[in-house]
Amino acid sequence: GISRQGWRAVYILLFSSIFAIIYKYLYMKRSFMIFMGLIAGVLLCFATSSCSKDEMNQKNIEGKWQSTSLIFKEYEAGKLVNEETETCIDSYIGLNFKSDGTGQVIRYDGGESDTYHMTWMKMGEKLMITEYDVEPEEFTFDIVKIKSNSLVLSLTEEYTSSGVQCKDISIVNFKKI
């Protein structure tokens, strides 16, 4: 198919051709100035439009990532009861996001690793990953931050334990490798 830039070039060529035809008929008329303003506005919109934020983030997320730190927060009845921070040195997670929506999850622990196939999809500020171990397991992460070389994902799990509302929040920092 034609790329976004290709379509932009087609639109500009089309509008300039239409402009030349109309220019012949409206030359030196007041309505010509109004028409010029409209054309300039349309061309400005096409010329300044770029990839949407989602498209850019989609491209930014593609590639290989390695976890650098993990923050775990545990809440009971709305109160923080436990918070731990772990630097990922001997144990970490690797993610490989391919452009076709597939990839791998690699779990490293003390020199050993396990690799699992995954599929992924980004929707707005959410990242959905389905990991295929013995049974498919789905995770929906909030994208806290995404830059060209850093990614922060948050996973929230809410549940009831002995009648108490509980919430666990895991925040994982990644670097692009």
Side-chain angles (χ1 to χ4, degrees), residues 1-8 45-46 48-177:
I2 298 176
S3 70
R4 188 177 195 108
Q5 287 80 16
W7 279 113
R8 189 174 297 145
C45 287
F46 280 111
T48 60
S49 68
S50 61
C51 295
S52 70
K53 186 177 176 183
D54 275 354
E55 288 176 90
M56 289 302 294
N57 287 346
Q58 182 88 7
K59 293 288 184 200
N60 284 349
I61 208 165
E62 292 173 10
K64 295 179 181 180
W65 298 87
Q66 177 181 325
S67 63
T68 57
S69 65
L70 170 69
I71 301 167
F72 178 75
K73 296 179 181 183
E74 185 178 5
Y75 295 85
E76 290 180 2
K79 292 183 67 176
L80 181 64
V81 295
N82 184 33
E83 183 173 0
E84 298 175 24
T85 300
E86 179 183 326
T87 303
C88 302
I89 297 173
D90 294 329
S91 300
Y92 58 92
I93 297 169
L95 298 173
N96 182 10
F97 295 101
K98 296 181 179 179
S99 62
D100 64 357
T102 64
Q104 292 86 30
V105 176
I106 305 110
R107 291 198 175 97
Y108 297 92
D109 190 15
E112 297 197 16
S113 67
D114 293 312
T115 302
Y116 304 98
H117 174 73
M118 74 167 178
T119 56
W120 66 278
M121 179 179 3
K122 185 184 170 309
M123 294 185 69
E125 298 303 313
K126 301 279 186 191
L127 176 64
M128 285 151 282
I129 295 177
T130 303
E131 181 181 326
Y132 296 92
D133 188 354
V134 176
E135 292 288 322
E137 191 169 357
E138 294 181 5
F139 301 94
T140 300
F141 295 93
D142 290 310
I143 299 173
V144 177
K145 179 177 91 171
I146 184 167
K147 301 231 178 194
S148 62
N149 61 354
S150 64
L151 173 66
V152 180
L153 300 177
S154 175
L155 180 65
T156 302
E157 297 179 80
E158 296 185 35
Y159 56 94
T160 303
S161 176
S162 301
V164 177
Q165 277 298 114
C166 300
K167 177 167 60 171
D168 297 339
I169 300 175
S170 301
I171 301 168
V172 187
N173 292 286
F174 291 91
K175 68 177 180 179
K176 199 160 208 176
I177 54 173

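Just so you know, residue 1 is the first one in the sequence shown, and it goes up from there.
Pairing each heavy atom of Val164 with each of Ala77, the nearest pair is CG1-N, 3.8 Å. The two residues Leu80 and Asn82 make their nearest non-hydrogen contact at CD1-O, 3.4 Å. The two residues Trp120 and Leu127 come nearest to each other via the heavy atoms CE3-CD1, 3.8 Å. Between Gly110 and Ser91, the closest heavy-atom pair is N-OG, 4.2 Å. When all heavy atoms are compared, the tightest approach of Ser161 to Cys166 is CB-SG, 4.0 Å. Across all their heavy atoms, Tyr92 and Ser67 have their closest contact at CB-OG, 3.1 Å.
Among residues at least two apart or in separate chains, there is no salt bridge (charged side-chain N to carboxylate O under 4.0 Å, His left out) pair with a member in residues 109-119. For residues 66-85, the set of pairs meeting the salt bridge (charged side-chain N to carboxylate O under 4.0 Å, His left out) definition, not counting sequence neighbours, is empty. Pairs of residues two or more places apart, or lying in two chains, never qualify as salt bridge (charged side-chain N to carboxylate O under 4.0 Å, His left out) while including a residue from residues 149-169.
The structure places OG of Ser170 at 10.0 Å from CD1 of Ile71, a figure rounded to the nearest 0.5 Å. Taken to the nearest 0.5 Å, the OG atom of Ser154 stands 12.5 Å off from the CD atom of Glu125. In this structure, the separation between CZ on Phe97 and CG on Asn60 is 12.0 Å, given to the nearest 0.5 Å.
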**Request:** Could you go through the side-chain contact (heavy atoms from CB on, under 4.5 Å) check for Tyr108 and Ile93 one step at a time?
**Result:** CA-CA 6 Å; Tyr108 297 92; Ile93 297 169; over 6 Å; no
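Side-chain atoms of Lys122 come within 3.5 Å of backbone N or O of Gly124 as a donor-acceptor pair. Within the 3.5 Å criterion, the main-chain N or O of Asn173 finds a donor-acceptor partner in the side chain of Thr68.
Judged as a side-chain hydrogen bond (donor to acceptor under 3.5 Å, both in side chains), and not counting sequence neighbours, the contacts of Thr102 are Asp100. The ring-ring contact (aromatic ring centres under 6.0 Å, His included) check on Tyr75 picks up nothing, with sequence neighbours excluded.
In the model, Glu62 has no side-chain atom that pairs as donor or acceptor with a side-chain atom of Ser99 under 3.5 Å.
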Show the atom names and distances, to 0.1 Å, of all donor-acceptor pairs under 3.5 Å that link a side chain in residues 128-153 to residues at least two apart or in another chain.
residue: Glu131; atom: OE1; partner: Arg107; partner atom: NH2; Å: 3.0
residue: Glu131; atom: OE2; partner: Arg107; partner atom: NH1; Å: 2.9
residue: Glu131; atom: OE2; partner: Arg107; partner atom: NH2; Å: 3.3
residue: Asp142; atom: OD1; partner: Lys126; partner atom: NZ; Å: 2.4

